[in-house]
Amino acid sequence: MTGNTLKKLILSEGLSVAEVARRIGTSQQNLTCALAKDDIRTGLLERVAEAMGRPLSFFYGGAFGPVQSVGDNNTQVTQVAGNYSGAPDSDVLEILKMKDEQLLLTIKQVSKAQQQMDRVLDRFCGPKESEDATEN
């Protein structure tokens, strides 16, 4: 994880670098220098996680983590959950649009599969009684 990404996560949690530095027992200057690096040491990440009240997995984008990379090798976009207030750039919007289109396609495929399953069940079990017919 890069220092810049970690800094964004700290800020997205409503904390300042100075506050996290205080919580981990270092100076703001030392933490700022560490956050300027491309690769954050695991020991520092563990201390920051504890200071933020988060599990270490929070920083690695597991099933519920905040960091996700989308795009190919040429267009890598890191999304950080939280209180991001900046306007997304056109690359991010394009990726989100593609994700929406993929989601809609998946929904259509599931709907089609459900209709096919209903037809198969109707064949073998007979059609379902409508709710109106069972109420009368």
Side-chain angles (χ1 to χ4, degrees):
M1 167 174 287
T2 68
N4 191 39
T5 301
L6 180 55
K7 183 177 178 181
K8 287 180 183 179
L9 287 171
I10 290 169
L11 297 175
S12 75
E13 291 290 298
L15 296 170
S16 68
V17 172
E19 175 61 20
V20 173
R22 186 191 63 75
R23 290 181 186 185
I24 66 173
T26 191
S27 69
Q28 179 179 354
Q29 183 179 4
N30 284 344
L31 184 54
T32 299
C33 288
L35 294 176
K37 297 182 180 176
D38 286 335
D39 190 26
I40 297 296
R41 292 181 171 259
T42 304
L44 175 60
L45 201 53
E46 289 171 344
R47 293 191 339 244
V48 170
E50 185 177 333
M52 292 174 65
R54 294 290 192 166
L56 190 59
S57 62
F58 174 79
F59 298 103
Y60 291 109
F64 301 102
V67 180
Q68 295 179 329
S69 294
V70 293
D72 57 26
N73 290 336
N74 296 326
T75 309
Q76 191 79 20
V77 177
T78 302
Q79 299 171 321
V80 179
N83 300 323
Y84 177 70
S85 62
D89 63 18
S90 61
D91 289 339
V92 173
L93 291 175
E94 187 61 32
I95 289 169
L96 292 174
K97 182 180 174 185
M98 289 187 309
K99 292 293 182 187
D100 283 348
E101 289 169 359
Q102 291 172 347
L103 182 59
L104 287 174
L105 180 61
T106 301
I107 291 170
K108 288 178 184 177
Q109 291 170 336
V110 168
S111 178
K112 185 176 179 179
Q114 181 64 46
Q115 290 171 354
Q116 290 172 340
M117 182 61 79
D118 287 344
R119 284 194 294 271
V120 168
L121 289 173
D122 286 349
R123 243 190 209 153
F124 289 104
C125 303
K128 293 188 260 184
E129 293 183 31
S130 70
E131 289 182 10
D132 294 334
T134 58
E135 290 177 3
N136 293 330

Check: residues 35-51 side-chain donor-acceptor pairs under 3.5 Å, at least two apart:
none

Discussion item. Test your reading of the model: is there a side-chain donor-acceptor pair from Ser12 to the backbone of Leu9, 3.5 Å cut-off?
Written reply: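 Yes, Ser12 side chain to Leu9 backbone: donor-acceptor pair under 3.5 Å.
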Discussion item. Restricting to side chain to side chain contact (heavy atoms under 4.5 Å, CB included), what partner residues turn up for Arg54, sequence neighbours left out?
Written reply: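 Checked Arg54 against side chain to side chain contact (heavy atoms under 4.5 Å, CB included); matches are Glu13, Met52, Phe58.
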Discussion item. I'd like to check the side chain to side chain contact (heavy atoms under 4.5 Å, CB included) partners of Thr26; sequence neighbours left out, ordered by chain and number.
Written reply: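 For Thr26, the residues satisfying side chain to side chain contact (heavy atoms under 4.5 Å, CB included) (neighbours in sequence not counted) are Ala21, Ile24, Asn30, Leu31.
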Worksheet item: What residues form a side-chain hydrogen bond (donor to acceptor under 3.5 Å, both in side chains) with Thr32, not counting sequence neighbours?
Response: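 Counting only residues at least two positions away or on another chain, Thr32 forms no side-chain hydrogen bond (donor to acceptor under 3.5 Å, both in side chains).
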Item to complete: Could you work out the complete set of other residues in the hydrophobic cluster of Phe124, with links drawn between I, L, V, M, F, W and Y side chains under 4.5 Å apart?
Response: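 Cluster partners of Phe124: Val120.
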Practice prompt. Keeping to residues at least two apart or across chains, list the salt bridge (Lys or Arg N to Asp or Glu O under 4.0 Å) pairs with something in residues 14-29.
Written response: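 Of all non-adjacent pairs touching residues 14-29, those that pass salt bridge (Lys or Arg N to Asp or Glu O under 4.0 Å) are Glu19-Arg22, Glu19-Arg23.
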Worksheet item: If you measure from CD on Gln115 to CG on Asp118, what distance do you get to the nearest 0.5 Å?
Response: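 Interatomic distance, Gln115 CD to Asp118 CG, rounded to 0.5 Å: 7.5 Å.
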